[in-house]
Each structure stands twice: as C-alpha cells, then as structure tokens.
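All remarks here apply to the structure that follows.
Values below: every heavy atom of this structure, side chains too, minus hydrogens, waters and symmetry copies. Here the structure is a predicted model, which is why all the values come from computation and not from measurement.
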There are 2 protein chains.
Amino acid sequence: MARDARTREARRDALAESALTTLGTLGYARTSLREIAANSEFSHGVVHYYFRDKTELITYCVRYYKARCVHRYDAVVDDSRTADGLLAAFADKLVETLVDEAPMHRLWYDLRTTSMFEEALRADVVAIDASLQDMVWRVVSRYAELAGRELVVSPGVAYAMLDGVFERALLRHLAGEAGALDELRGAVLGALPLLLHAG
Amino acid sequence: MARDARTREARRDALAESALTTLGTLGYARTSLREIAANSEFSHGVVHYYFRDKTELITYCVRYYKARCVHRYDAVVDDSRTADGLLAAFADKLVETLVDEAPMHRLWYDLRTTSMFEEALRADVVAIDASLQDMVWRVVSRYAELAGRELVVSPGVAYAMLDGVFERALLRHLAGEAGALDELRGAVLGALPLLLHAG
DNA sequence: CCAGAGTCTTGACACTCGTCAAGACTTCGG
DNA sequence: CCGAAGTCTTGACGAGTGTCAAGACTCTGG
C-alpha cells in the first residue's frame, strides 16, 4: 500500500545523505548514481524511484545541505557579549568547521564553480550564496554593534573577503599545509577589525 | 623526416590553445579529448601523438595558461605615479579582465576547486596560486609605497581577500547580474585602503 | 490468507569516454 | 623519384555513465 509520505521523504533524505557523502569525497563531476547507491543501503535503480533524474537529486541535495549549515554561527552571535569575545569565538568556529566538515566545504566550492558552467545549478547556488552572505552579515554586524562602531563595507564585500580567506585556508588545509589553520584564525582576527570605521 | 622541435612545440601549443578554449567553455569535467580536437584543426587521435595522456595535456595547458596571465597588472604597477591613480587603474583593469577573459577565469576557479579532489592537479594549482599571490602583492605593496603607509595584512591574506571579491564578481557577472562590474570596482576602491595602516 | 499496491533489484539500452593500433597521407633525403 | 621516417586519421576496444523496463520481493487491507 501507499507508504506514509513521511517515510518517502525519509528515503529521499537518506539518499541525499549518501549523495552528499559521495559528493564530498569525489566531487560533483566524478559522482555517479551507482556510487551514491553503493554508499547507501539501496541499489542503483532506486534513485529513479525517488528522483526524476540526476539533476533533481543533486538539486535536492543542495537544498538539504543548505538547510543545515546557514545557521552555523548563530550561537556565536547570540552568546558573545563583547566584540573581542565574538571575534575570537567566530575565528575558532571557522577553524573548527573547516576541519570537521572539509568535504562539505569543498563540495560547496565545487558546486559554486560548476554553476559557472551549468546553468541548471545556478539558481540554487545563488540562493545559497545569499544565505551565506546573510549568515556572515549577522556575525559582522553584531561584531560592529558590540564594538560600538560602524561598518565600512557592504554585506556582499564582507562576505566575499571572508569567503576568500576561508577558501584559501581550505585549499591549503587539504593540501596538507600545517600552517593553514593558524593562518585562518590569524587572518580573521586581523581582518575583521579592518572592516570597522576608524572613528 | 624528423620535424623541427620548434614545430612540434607549436603543435603542442596549438592543441593547448584549443584545449583552453574548450575548457573555458565547458569546464574541466565536461571537456573531452574529442571536443578539444573538434575545436582544433586535428582529429581526436592526434592528441596522443603529442601528449602521453589527458593528464599531461591538462597539465601542459595549465602551465601554458599561467605563463600568460601572471603579469597582467605589471603595467599598472609600473605606470602609476600616485596611490589613487594606481588604485583606479587596478580596479579598472580588474573589471576589464573579468569581462574580456571570463571563460579563462572561471576555468581557473574550476581547476583550483577540482584540485581539492584530484591530487594530480594540486602541485600545479598551488604553484599558480603562489604566482597570483605574488602578482597581487606587487600591486598592493606598490600601492602602499605610493601612499607612504604600511600594510597591515600579509601577502596571503591580501590575495585571499581580493580573490574572494573577484570570484564573487565573476559569479554574479556570469549569472547576468548587471551590477556585478560596478560592485567589483567599488569594492576594490573601498577595500584596498583598508589594508593600509591608519597612521 | 491472499490479492494487489508499493517498493526495490536486476539487467539491459544507448551513449560517451580515454586509449590505442593499423594504416593512409605527407615530407624530404638520397 | 622513390623509399623511409614522420605525421595524422580512422575505427575499434573496454569501461563507465544515466536511464528505464521487467520482474521479484514486501507489506497491508479485506
């Protein structure tokens, strides 16, 4: 009989979970449906039972991924009581997530870059990028508020700069460069104050 | 008879040229040797006459690409006589190259991201990244010199921040967002002064 | 308990890929 | 002008891909 819609959604999520694991390991281009299925408890044919095609699965994954990462630093914002405390906590959290979720982060950069070539991904990537920008802006603007000073950059520029620093750290970390994590922490501690108005 | 070694090198360069065009259009993952050959005056089999395998061709392309882009802003550095003049010229040049060579830039980001998954690319990517960092540092340090002030960021951080801003602008430009170019120019004009010591 | 709807597996399809071998074409020294 | 060395094309191969259809399995309502 018709299975509960909730169960069906659970199956889709389970496949998305396996897909994200595979994508984080192999990257977007080298991930096949058979490999995703092999990393799950199902066979390769079942994918087309729950998803129309590969694109729909990937898109579903991307949204699934987004939902669980855009509030990663909210606790830092809520719990910090001083500008310096927020800054230190944010830097530490960035380092932590870079290490703990390196595959997911490189997957995100992979998807974002791929969207420069494949229009099918573009809309979702742009939406996630905006969410990440908001996430960063919550941190940065709270930081300015605690410091009692104005910000001299727009949300987009603040996000772009921090993202550039993070992407570089991820690349170096994955390349096995030992100093990458400390450089990330130091870069954030040094860079965020620059975004505040001198007065 | 044995063809001139110079001619052989010219063939390799011609293939690299076609490969770069194709890579810039389709991206690393979707570029096949047949497609590269189709964009050249040769047939698909000739690739293995001049290159051992696909990896060697790609690697050759990457080095070929690097050689012609890492001195892109040297004229800006050499010709500018004031800090503000250098800043404006640099911002304009960034916008210009983003527009004129968008496919090459997205290819670079594609290769860099792919190197997070494929170790074969990593060494070359790290080398190019270092060259780009040097290129940016030549601009930034000359800017500080002309301004008569010290820089408060390391070469790595300066590069990462500018690169983040540029990558974001490229993404938005390719997505058809009209304001991307002006935002890039404005971001650079606003951000570089922040890297100078206040005193 | 059993018929049937729902779920999942298996195997096949058409296609593309990198690679390579066989041979045709080109060029040039003798 | 001929033969050989160099250059290039053609066609094939095995592997891997997304997709889908046919059937086996599972579970539940009557």
- Would B:D163 and B:Y109 count as a side chain to side chain donor-acceptor pair (under 3.5 Å) if you check the C-alpha gap in whole Å, the side-chain angles of each, and the deciding distance to 0.1 Å? CA-CA 10 Å; B:D163 186 66; B:Y109 288 118; 2.9 Å; yes
Looking only at side-chain atoms of [X], point me to the closest of [options].
{"X": "A:H48", "options": "D:dC20, C:dC8, C:dT19", "result": "D:dC20"}
{"X": "B:V46", "options": "D:dT9, C:dT7, D:dG18", "result": "D:dT9"}
{"X": "B:K54", "options": "C:dT7, C:dT19, C:dT9", "result": "C:dT19"}
{"X": "A:H44", "options": "D:dT19, C:dC20, C:dC8", "result": "D:dT19"}

What is the distance from [atom1] of [X] to [atom2] of [N], rounded to the nearest Å?
{"X": "B:F51", "N": "C:dC20", "atom1": "CZ", "atom2": "P", "result": "16 Å"}
{"X": "B:R12", "N": "D:dC8", "atom1": "CZ", "atom2": "P", "result": "13 Å"}
{"X": "A:L33", "N": "C:dT9", "atom1": "CG", "atom2": "C1'", "result": "16 Å"}
{"X": "A:F42", "N": "C:dT7", "atom1": "CZ", "atom2": "P", "result": "11 Å"}
{"X": "B:R30", "N": "D:dG16", "atom1": "CZ", "atom2": "P", "result": "22 Å"}
{"X": "B:Y28", "N": "C:dC17", "atom1": "OH", "atom2": "P", "result": "14 Å"}
{"X": "B:D53", "N": "C:dC17", "atom1": "CG", "atom2": "C1'", "result": "14 Å"}
{"X": "A:I58", "N": "D:dT19", "atom1": "CD1", "atom2": "C1'", "result": "15 Å"}

- Would you mind reporting whether A:L15 and A:Y60 have side-chain heavy atoms less than 4.5 Å apart? no
Check this one for me: any side-chain N or O of [X] less than 4.0 Å away from OP1 or OP2 of [N]?
{"X": "A:R8", "N": "C:dG6", "answer": "no"}
{"X": "A:S32", "N": "D:dT17", "answer": "yes"}
{"X": "A:Y49", "N": "C:dC8", "answer": "no"}

- Task: Please determine, by modelled atom types, if A:T22 and A:T31 share a side-chain donor-acceptor pair under 3.5 angstrom.
- Result: no
- Can you find a donor-acceptor pair, distance only, under 3.5 Å between A:R34 side chain and D:dG16 base? no
- Query: Is B:F166 linked to B:V139 within one hydrophobic cluster, defined over Ile, Leu, Val, Met, Phe, Trp and Tyr using a side-chain heavy-atom separation of less than 4.5 Å?
  - Reply: yes
- When you measure from the centre of the six-membered ring of A:Y49, is the NZ or CZ of A:R8 under 6.0 Å away and within 45° of the axis? yes
